[in-house]
Amino acid sequence: MRNLSRQPSDQDAARIRPLTVLPVFLDLAGKRAVVAGGSAAACWKAELLLSAGAKVFVHAPDEDLCEDFAKLIERHGPHAHHYGRSWDRTDLAGAAVAICDARDEQEAAAFAAAAAAAGVPCNVIDQPAFCSFQFGAIVNRSPVVIGISTTGAAPILGQAIRRRIETLLMPPLAEWAALAARIRGRVAATLNPGAERRRFWERLAERAFGDAPGPQVEQELFEEARTVGASRASAGRVTLVGAGPGEAELLTLKAVRALQSADVILFDDLVSDEVLELARREAKRIQVGKRGGRPSCRQEDINALMLTLAKAGRHVVRLKSGDPMIFGRAGEEIAMLEAAGIPVAIVPGISAGVALASALRMSLTHRDHAKSVRFVTGHSRNGGLPEDLDWRSIADPSATTIFYMGGRNAGQIADRLISLGVPASIPVAVGAGLGRREQQLRIADLATLGEAVNQMNSDQPIVIGVGRAFAQHRATGLERDPPLPIAATG
């Protein structure tokens, strides 16, 4: 018999996917910045530089200086200086940054070359070929500043993303960030480095997305700091987090917060890279893959690893595909951790059965078709049909049944249900890669369920839905015979 066990591994867990550009933030306070050109576009760049505390030196003939630029220079007095002539390469010496609104490609190339010779980062407006850095869309909650770049591919998209973030980050966030800056020294003096300080800052961060800080908040935070500092240094914890079907946007906010506060993340094979991308960069990622018929980590090894890490004072996130409480062996993990005195929290996720219904835009409990819904396993420990299921109850025509992990047994599931009186014509749905780009969906009937599953071109686990609720698609005009893909994300 093949040995399908493997050990937890972090070898394949990249911390970040490839970047087209590296986002950096420049401290320009009191530093020299050069702007060549007097256009409205150059004026806006100068205003950005001034808002960052730079001393801006503008080089443009008087007749080229637009009215708004002249007003900006006058308004900022000693921080903005205008020279009524074109730029010269000597003007760039000692500058922290240089901007040019070039008249033509020849000037753009000359400015870029002069900046490179002087060792100055430069941006030639609207000519990315001559830029050593790019401006992005900005969300300003200073001291929190968020920059957004599409690497020049879609500036309008960048602006749309900025607007979306603006609605999520309310103005009081700036007050919380300013408070954090004021008390950082006191926190350092109050709490030990590492877990204690991070737990304190996590508590502040949780409050930062609500109302503005009140007059007593600083006192409250430090009282909490003393509580945190007095707690046992070895007090670790485990959070079981549902990663959903794969699409990162389907995570709950609480799941994202758990990922961003984790010390260690134990994740399954089925967790998508997009979900892992949301985790705290410093968190150690350990793959504890469990797949039917493939090399998998033993549950005993996963339990032992969680226990060891938590006892060492770590916040361990056990990241499970779908919902941790549905066919995820969460019950065994919770019992083991609680027996050892380790605090356990659970963050639910979207289960594959619910994701299947959402992808099909249908209700599993449509009042005209179903009075209940059941989630059942499609295979036993030895890989065959689970004989300890109440198959007669599952054959109830008034219920919708979702089979998890039933792809290899699809034909046997159909035969068993038909033998118990379920009509061979009852509709079924099959989904694979739910919530991912490679998502595949098919509508068939019970008689052709095995054939529909065999036609799925996916190495993702199969989810099968059986019941009259799937007849809702008859009204949509979707083809059902032969079964065809009816939805996909690209």
Side-chain angles (χ1 to χ4, degrees), residues 8-19 22-25 139 141 143-148 165 168-169 173 176-177 180-181 184 187-188 191-209 224-225 228 231 233-244 246-288 302 305-306 308-321 324 337 342-349:
S9 170
D10 59 353
Q11 294 179 353
D12 298 326
R15 291 184 180 224
I16 188 170
R17 291 184 295 168
L19 294 167
L22 179 68
V24 296
F25 295 89
V139 177
R141 298 289 186 271
V144 174
V145 179
I146 300 170
I148 303 160
I165 295 175
L168 295 174
L169 303 183
L173 180 63
W176 282 100
R184 178 165 293 277
V187 171
L191 297 177
N192 293 320
E196 284 185 355
R197 290 183 191 173
R198 187 168 65 252
R199 283 194 292 266
F200 170 76
W201 289 117
E202 285 170 4
R203 285 158 171 76
L204 182 145
E206 288 175 359
R207 302 179 66 172
F209 294 93
E224 190 168 2
V228 172
S231 65
S234 61
R237 57 193 173 108
V238 175
T239 305
L240 306 184
V241 175
E247 185 178 351
E249 288 187 353
L250 295 179
L251 287 177
T252 64
L253 293 175
K254 192 170 185 178
V256 174
R257 285 199 294 270
L259 286 172
Q260 293 179 348
S261 65
D263 296 310
V264 184
I265 299 170
L266 309 184
F267 66 97
D268 289 339
D269 276 348
L270 297 177
V271 174
S272 69
D273 292 340
E274 289 80 3
V275 169
L276 285 171
E277 187 76 11
L278 296 174
R280 177 171 165 259
R281 297 287 179 224
E282 295 82 5
K284 186 176 183 63
R285 295 159 170 78
I286 301 177
Q287 191 177 48
V288 291
I302 298 172
L305 183 58
M306 277 194 292
T308 298
L309 292 168
K311 284 185 174 179
R314 307 291 185 86
H315 176 202
V316 181
V317 166
R318 177 72 173 97
L319 189 59
K320 297 171 176 281
S321 178
L337 292 165
I342 302 297
V344 184
I346 295 96
V347 180

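Below, each value reflects all heavy atoms present in this structure, side chains not excepted, and no hydrogens, waters or symmetry copies.
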> Do the side chains of Leu259 and Val275 get nearer than 4.5 Å, heavy atoms only?
Replying inline: yes
> So do the side chains of Asp268 and Val288 get within less than 4.5 Å of each other, counting heavy atoms only?
Replying inline: yes
>> I need the minimum non-hydrogen distance between Pro343 and Gly236, along with the two atoms involved.
In response: CD-O, 3.3 Å
> Do Ile265 and Val271 have side-chain heavy atoms sitting under 4.5 Å apart?
Replying inline: no
> Any side-chain heavy atom of Leu253 within less than 4.5 Å of one from Arg257?
Replying inline: yes
> More than 12 non-hydrogen atoms from neighbouring residues, nucleotides or ligands closer than 6.0 Å to CG on Leu19, yes or no?
Replying inline: yes
> Looking at side-chain heavy atoms only, is the closest gap between Thr252 and Pro348 below 4.5 Å?
Replying inline: no
> Would you say Ile342 and Val316 make side-chain contact, with heavy atoms under 4.5 Å?
Replying inline: no
> When rounded to the nearest 0.5 angstrom, what distance separates CG in Leu319 from CG in Leu278?
Replying inline: 10.0 Å
> Any donor and acceptor pair, going by atom type alone, linking the side chain of Arg318 with main-chain N or O of Met306 inside 3.5 Å?
Replying inline: no
> What pair of heavy atoms forms the shortest contact from Pro324 to Gly242, and how long is it?
Replying inline: CD-CA, 3.4 Å
> When you look at Leu266 and Leu309, which way does the side-chain contact (heavy atoms from CB on, under 4.5 Å) test go after all the steps?
Replying inline: CA-CA 11 Å; Leu266 309 184; Leu309 292 168; 4.2 Å; yes
> Hey, is the main chain of Ala283 close enough, under 3.5 Å, to the side chain of Arg285 for a donor-acceptor pair?
Replying inline: yes
> In chain order, what residues pass the side-chain contact (heavy atoms from CB on, under 4.5 Å) check against Thr239, with sequence neighbours excluded?
Replying inline: Arg237, Val241, Ala258, His315, Val317, Ala345, Val347
> Can you name the nearest heavy-atom pair linking Ser321 to Ala243, along with the distance?
Replying inline: CA-CB, 4.2 Å
> CG of Leu305 to CD1 of Ile286: how many Å apart, nearest 0.5 Å?
Replying inline: 5.0 Å
>> Please give me the minimum heavy-atom distance between Asn192 and Arg197, naming the atom from each residue.
In response: O-CG, 3.1 Å
> Should Arg280 and Asp263 count as side-chain neighbours, where that means a heavy-atom distance under 4.5 Å?
Replying inline: yes
